[in-house]
**Q** 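Could you have a look at this structure, given as structure tokens, before my questions?
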There are 2 protein chains.
Amino acid sequence: MKDLIPEATVRRLSHYLRCIEMMEKCCYGENLQSKDLARMCSISDSVVRRDLSYFGTFGIKGVGYDLKRLKDSIKRILGLTEKKKVVVVGVGNIGRALIGYLSRVDGFEVVAAFDNDPQKIGKKIGKIKIEDAVNITPITANLNAEIAVVAVPSDEAQKVVNRLVKGRVKGILNFALVPLKVPDDVTVRYIELLTELEVLTYNIKKRRKS
Amino acid sequence: MKDLIPEATVRRLSHYLRCIEMMEKCCYGENLQSKDLARMCSISDSVVRRDLSYFGTFGIKGVGYDLKRLKDSIKRILGLTEKKKVVVVGVGNIGRALIGYLSRVDGFEVVAAFDNDPQKIGKKIGKIKIEDAVNITPITANLNAEIAVVAVPSDEAQKVVNRLVKGRVKGILNFALVPLKVPDDVTVRYIELLTELEVLTYNIKKRRKS
DNA sequence: TAGATTGTTAATCGATTAACAATC
DNA sequence: TAGATTGTTAATCGATTAACAATC
């Protein structure tokens, strides 16, 4: 169990988990081989084994992996043993979509939503009442929510994040297009929709030429 | 102008562009230095210069870059010279959010939306009428849309993508949690919201330990 | 010219890959 | 045992970094 795990490896663990869950649904059988998992993820089998080996040994040489045990192991590695509480800040298009999305995903649960628009504060989205963004810190701390989705305009993002950090949030999924400053014990993941679209246009242009 | 550009470099060009646009708004001045751009992006200045040098020389030694010229250069590099037509497939939470988001972004324009739910087909979202997903190919080809957003359930994604490819789409922003098979001249970018959340939980767990 | 910042190079760092020894 | 697949190693590949020569 090494100390520094490539981020790509952690991402792939998440992919493996999803594949295994699909395999379970398809009655794939109890024994799973790195070759099959690799095929499903469109990668090579040595990557699968390399990734898993960062965290221990999970298979039997000459045989393969026990589907159910591997699934549980990956869940444990990723920390998906209990439901995670999520707060959503910014109830525009993206924020609303995330609330809807997370309601249909198990493993995560939206426990609060915030906005600074008086028109929205007090209204409900599903079971969640929209709270005033000035109260992010106390409400988040009270609920013990560890994860936050930030879907506010870029120029408000850092202010919101400061409040979340004070409210003891440890992980942030950020849709705002600015780099966020957070303490060392808080991690941020960036979803940069505009950047992704621009990378697409770059690739389209490039391939047209070659 | 080298042949293979790191993907990270292209992503950063998009960041630079955004920073420059913010600087323009803040009346930053006409001359821009790699040091300042780097600071804004929270990276080091040699990365900025290295990234730009893949595509040519844009600055003046001892002086810096002309803000406006650099902006235009990056736009040209990324292929952002004209509005790009986008079709959105899947009008659920995410699809709807993307339609809303793109309506407020210039450079991209949603020209069609598709779903396979009879309840939704024929309805409108803003100015866009929701079309039947069986007609993806002819409608997309007709509109000459090069980019598609795929926001359908995972098990429908590949089918939808096949239709888009037939309709001459060249770039796909995919929110479905499956690897997509596309021809060489089509690029796919993956937005894996669930994976991002799982990477967050992994990081949270890890940092708590250390 | 002197001062400054770019563009580029070489060294470092880290991830991926492929091959194979270990072993069920 | 023979056959098979894992876990791990060494080699390759590619990106980042830092330093500096070029030059405005």
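Here is how names work: the chains are called A, B, and so on, in the same order as the sequence lines, proteins then strands, and each is numbered from 1. Quantities reported herein were computed from a predicted structural model and do not represent experimental measurements.
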**Q** Could you tell me how far apart B:E7 (CD) and D:dT16 (P) are, to the nearest whole angstrom?
**A**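 These atoms are roughly 10 Å apart.
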
**Q** State whether B:R189 and A:E196 are salt-bridged, where the test is any N-O pair (Lys NZ or Arg NE/NH1/NH2 against Asp/Glu carboxylate O) under 4.0 Å.
**A**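 A salt bridge links B:R189 with A:E196.
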
**Q** What's the closest nucleotide to the B:Y65 side chain, out of D:dT8, C:dT6, D:dA15?
**A**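 Given the options D:dT8, C:dT6, D:dA15, the side chain of B:Y65 is closest to C:dT6.
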
**Q** Between A:D51 and A:K61, who's closer to the 5' end of DNA chain C by nearest nucleotide?
**A**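 Nearer the 5' end of the strand: A:D51.
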
**Q** Within residues 34-45 of chain A, find the residues that approach DNA chain D with a heavy atom at under 4.0 Å, and present them sorted by residue number.
**A**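 Close to the strand are A:S34.
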
**Q** Is any side-chain N or O of A:R49 closer than 4.0 Å to OP1 or OP2 of D:dT6?
**A**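 Yes, within the criterion.
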
**Q** Send over the distance from B:R50 CZ to D:dA15 P, rounded to a whole Å.
**A**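 After rounding, the gap between these two atoms is 10 Å.
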
**Q** Side chains of B:T9 and B:R12: closer than 4.5 Å at any heavy-atom pair?
**A**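 Yes, side chains in contact.
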
**Q** Hey, does the side chain of B:K205 reach the backbone of A:R76 with a donor-acceptor pair shorter than 3.5 angstrom?
**A**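 A pair under 3.5 Å: yes.
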
**Q** Test B:I139 against every option in B:L143, B:N142, B:I136 by the side-chain contact (heavy atoms from CB on, under 4.5 Å) rule and name the one that passes.
**A**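 Looking at B:L143, B:N142, B:I136, the match for B:I139 under the side-chain contact (heavy atoms from CB on, under 4.5 Å) is B:L143.
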
**Q** Write out the stems for DNA chain D, ordered by first number and formatted as range with range, counting runs of at least 3 consecutive Watson-Crick or G-U wobble pairs under 3.5 Å.
**A**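 Runs of three or more consecutive pairs: C:3-24 with D:3-24.
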
**Q** Against B:V89, only a single residue in B:V149, B:L164, B:I172 fulfils side-chain contact (heavy atoms from CB on, under 4.5 Å); can you say which?
**A**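 Only one option passes, and that is B:L164.
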
**Q** What are the two closest heavy atoms between B:A145 and B:V111, and how far apart are they?
**A**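 Answer, listing the atom of B:A145 first, then B:V111: CB-CG2, 4.1 Å.
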
**Q** Keeping A:R96 on the side-chain end and A:V91 on the backbone end, is there a donor-acceptor pair under 3.5 Å?
**A**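 Yes.
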
**Q** A:L4 CG to C:dG14 C1': how many Å, rounded?
**A**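 Rounded to the whole Å, the gap is 9 Å.
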
**Q** Rounded to whole angstroms, how far apart are OH on B:Y54 and P on D:dA15?
**A**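 Rounding to the nearest Å, OH of B:Y54 and P of D:dA15 are 6 Å apart.
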
**Q** Measure CZ/A:F58 against C1'/D:dT8 and give the value in whole Å, please.
**A**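 It is 15 Å, rounded to the nearest whole Å.
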
**Q** Sort out for me which residue in B:L37, B:I20, B:L52, B:I60 forms a side-chain contact (heavy atoms from CB on, under 4.5 Å) with B:Y65.
**A**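 Running side-chain contact (heavy atoms from CB on, under 4.5 Å) over B:L37, B:I20, B:L52, B:I60 with B:Y65 returns exactly one hit, B:L52.
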
**Q** Where the side chain of A:S46 is concerned, which of C:dG7, C:dT16, C:dT17 is the nearest nucleotide?
**A**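 It is C:dT17.
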
**Q** Less than 3.5 Å apart, any donor N or O on the side chain of B:T195 or A:R18 sitting next to an acceptor on the other?
**A**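 A donor-acceptor contact under 3.5 Å links the two side chains.
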
**Q** Between A:R12 and B:G64, just flag the one whose closest nucleotide in DNA chain C comes earlier from the 5' side.
**A**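 Per heavy-atom nearest nucleotide, the more 5' residue is B:G64.
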
**Q** Whole-Å distance between D:dC24 P and B:N31 CG?
**A**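 Distance check: B:N31 CG to D:dC24 P gives 15 Å.
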
